[in-house]
Amino acid sequence: MNQDVTVVTRRPEKLLESPSAVQVITGEDIHRSGATSLPEALRLAPNLQVAQVNSHDWAISARGFNNTLANKLLVMIDGRTVYTPLDAGVFWDVQNVLLDDIDRIEVVSGPGGTLWGANAVNGVINIVTKSARDTQGLLIEGGGGSFLQDFGAVRYGGGNGTNLFYRVYGQRFDRNGAVFPTGKDGADSWDMSQGGLRLDWYPSEQNTLTVQGDTYSGSEAATTGDTFVDGQNILGRWSHTISDTSDLSIQTYFDRTWRQIPHSFAEDLKTYDLDFQFRFALGQRQSVTWGAGYRLMQDEVNNFTALAFLPPHKNMQLFSGFVQDEITLVPERLQLTLGTKLEHNDFSGFEVQPSARLAWTPAERHTVWAAVSRAVRSPSRIDSDVAFPGTPPFQFVGNNNFESETVLAYEAGYRVRPVDRLTLSLASFYNDYAHLRSLNQLTPTSFIIANGFQGQTWGAELSGTYQATEWWRLRGGYTYLNKLLWSHNPVVNPSVREGNDPENQFLIQSIMNLPAHFQLDVVGRYVDTLANPHVPSYISFDARIAWWWKDTLEISIVGQNLWDNQHPEFGAPATREEIPRSVFGKIAWWF
């Protein structure tokens, strides 16, 4: 509960005091789980819906509307938004952070549009990596197994030992394909190579300058031909502390991604982003944070006969500004947070996303909070510019008049530490959606993307951590979600609805330090049935056993999806693949 989080208010605050449904996955949680990728690490957040589709594709969302093109979840890596305007989602196959470098992952379920803008509708994921100062020396790791065929990474950190630190890294992996229900190989093997650097300079106690970047390249096999991806990014951030109650930061980044899917499309996207933020005290009981940003996205698509985006080349601009006022009504007891974000995009024009949050601390170890927020999912190119097939006559087309999807969200929660060894968090929510995406009848043989659906979701999220003994820790949670969609328009195709979500899901992680430098860790999960298309419920667990020597050598064996030989997690029965039981070994050295 004393873990700092920044994603809720754009400043460090204790998790216990945060007026939001936020959960934190620490770097230690990830390491002890045996996770080998970011999506696998995100399974450790019980307030997320995470499903593996095949060897390289994932469906990840919060509070429903989950699919491989989930568009209501905002994801950031060290302040860089990993977003494509093609479908307003995230390509998870190219988000490959070196997991040993992650400090924490902050996961907010619920709207975050007031601070972070469009697409922070159902949640925000903020991935924070360690500073270069905390990753000094040499790390070498590698291994391999059945599903994760082979992998390796090298990282070196250095500096002058006082105020200048850097690290460089490189990593690669090869994964085998998933399997069909018959046990036949899915022929979707996946390989990726990635490298990068980070530099942190502290010229004075008041100033910090960070520069970091990555480059990657990989391929994904398929029966119709291989998909190829590559990309580069570089980010710079300057932070200046004026006083305990005042600071400012300026951040800019460039991000290029390229993807070629055979017989479908090829996309080259360049993103230029500039962001400014300033915080100051207003009197004795108010803290005001305001900021502004600009983003230019240059999108170039090579169309094929199967699918087209018209026009193929498009420059999109996003202007934004926000203000948030944290008002202390009763010192150390009651705080009100008011804020709003104003954005202008090239699809729907101006969008306003206000929120109000109230946090009450009746006692030292108790926090009660409530919030009401409005957030939007702004249109993307798949809403306005898509055409299928790629040449006339089209069977369905995008809509230049597509409106932003909106949500009005009501939330309430409670955090408590009843005893020293136990912390609990409960969040409840009710979301009212309007203008949800639909596929409407245009002619007897064609359709158009429109805003034909309305919807409501409601549910609860329970999470906790229990330090059973000095050598045994348990963490986990339970999520209940109920979703209802409807349309009053008879031309809407009722079979096309956004998302396929479990009603119930449960997670538990056990972390044990055993005698003789051994570790035994288990992650178990239950995911309920998906309704349409039908995917049966499943139970699965991962197990890890490791041995340490003098904090410089670790040897571990990890088994994943051990409950059954294979199981499906997402997709239609006729075409979906299943995730097999697997095992791999790993050796890591720190010098």
Side-chain angles (χ1 to χ4, degrees), residues 36-40 51-60 67-70 82 84 86-87 89-97 144-153 170-196 214-233 255-270 299-309 312 381-382 386-391 566 568-572 574-580 582 584:
T36 62
S37 66
L38 265 181
E40 288 180 7
Q52 187 168 3
V53 181
N54 52 43
S55 177
H56 47 74
D57 291 331
W58 296 76
I60 302 177
N67 57 48
T68 54
L69 303 178
V82 290
T84 171
L86 200 68
D87 59 25
V90 175
F91 288 124
W92 286 105
D93 55 346
V94 295
Q95 315 308 329
N96 290 294
V97 177
S146 56
F147 191 44
L148 179 56
Q149 184 176 353
D150 56 71
F151 63 95
Q171 64 174 343
R172 177 177 172 80
F173 63 79
D174 293 274
R175 292 180 185 265
N176 286 321
V179 295
F180 288 111
T182 60
K184 181 182 177 181
D185 185 4
D188 58 348
S189 60
W190 174 32
D191 67 82
M192 183 76 69
S193 300
Q194 181 166 316
D214 308 278
T215 181
Y216 65 84
S217 178
S219 65
E220 302 164 4
T223 55
T224 56
D226 292 354
T227 292
F228 296 97
V229 296
D230 72 55
Q232 304 81 34
N233 65 79
D255 192 352
R256 174 189 173 271
T257 63
W258 177 82
R259 172 181 301 265
Q260 179 175 289
I261 304 176
H263 313 298
S264 183
F265 67 89
E267 182 198 28
D268 192 316
L269 172 66
K270 299 181 180 70
D299 196 37
E300 299 183 11
V301 178
N302 292 330
N303 294 319
F304 294 92
T305 56
L307 185 71
F309 289 86
R381 296 203 64 187
I382 204 170
V386 73
F388 174 82
T391 56
Q566 60 190 63
E569 297 187 8
F570 208 82
T575 59
R576 69 179 172 222
E577 298 179 36
E578 299 188 354
I579 311 306
S582 62
F584 68 87

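All figures in this text were calculated on a predicted structure; none of them were measured in a lab.
Residues Asn96 and Gln171 share a closest heavy-atom pair of O-NE2, 2.8 Å. Residues Trp58 and Ser37 come closest through the heavy atom pair CZ2-OG, 4.3 Å. Residue Trp92 comes nearest to Ile60 through the heavy atom pair CE2-CD1, 3.5 Å, listed as atom of the first residue, atom of the second, then distance. Nearest heavy atom pair, residue Asp214 against residue Gln194, reads OD1-NE2, 4.1 Å. Of all heavy-atom pairs between Asp93 and Trp190, the closest is O-CZ2, 3.2 Å. Taking all atoms of both residues into account, the shortest heavy-atom contact from Pro568 to Arg576 is CB-NE, 3.5 Å.
The line from CG of Asn302 to CG of Asp268 is 8.5 Å long, rounded to the nearest 0.5 Å. In this structure, CG in Leu307 is found 7.5 Å from CD1 in Ile382, a value given to the nearest 0.5 Å. One finds the CZ atom of Arg172 at 7.0 Å from the CG atom of Asp150 (value rounded to the nearest 0.5 Å).
In this structure, the side chain of Glu569 engages the main chain of Gln52 through a donor-acceptor pair within 3.5 Å.
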Would you check, one step at a time, whether the test side-chain contact (heavy atoms from CB on, under 4.5 Å) holds for Phe265 with Leu86?
CA-CA 11 Å; Phe265 67 89; Leu86 200 68; 3.6 Å; yes
Taking it one step at a time, do Tyr216 and Thr257 satisfy side-chain contact (heavy atoms from CB on, under 4.5 Å)?
CA-CA 9 Å; Tyr216 65 84; Thr257 63; 3.6 Å; yes
Could you walk me through whether Val94 and Arg259 satisfy the side-chain contact (heavy atoms from CB on, under 4.5 Å) test, starting with their C-alpha distance in whole Å, then the side-chain angles of each, then the deciding distance to 0.1 Å, before giving a yes or no?
CA-CA 10 Å; Val94 295; Arg259 172 181 301 265; 3.8 Å; yes
Do Met192 and Val229 pass the side-chain contact (heavy atoms from CB on, under 4.5 Å) test, and can you show the C-alpha distance, the side-chain angles, and the key distance before you say yes or no?
CA-CA 9 Å; Met192 183 76 69; Val229 296; 3.9 Å; yes
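Partners of Asp230 under the side-chain contact (heavy atoms from CB on, under 4.5 Å) rule, at least two apart in sequence or in another chain, are Ser217, Gln232, Arg256, Trp258.
The side-chain hydrogen bond (donor to acceptor under 3.5 Å, both in side chains) analysis of residues 175-189, with sequence neighbours excluded, yields the pairs Thr36-Arg175.
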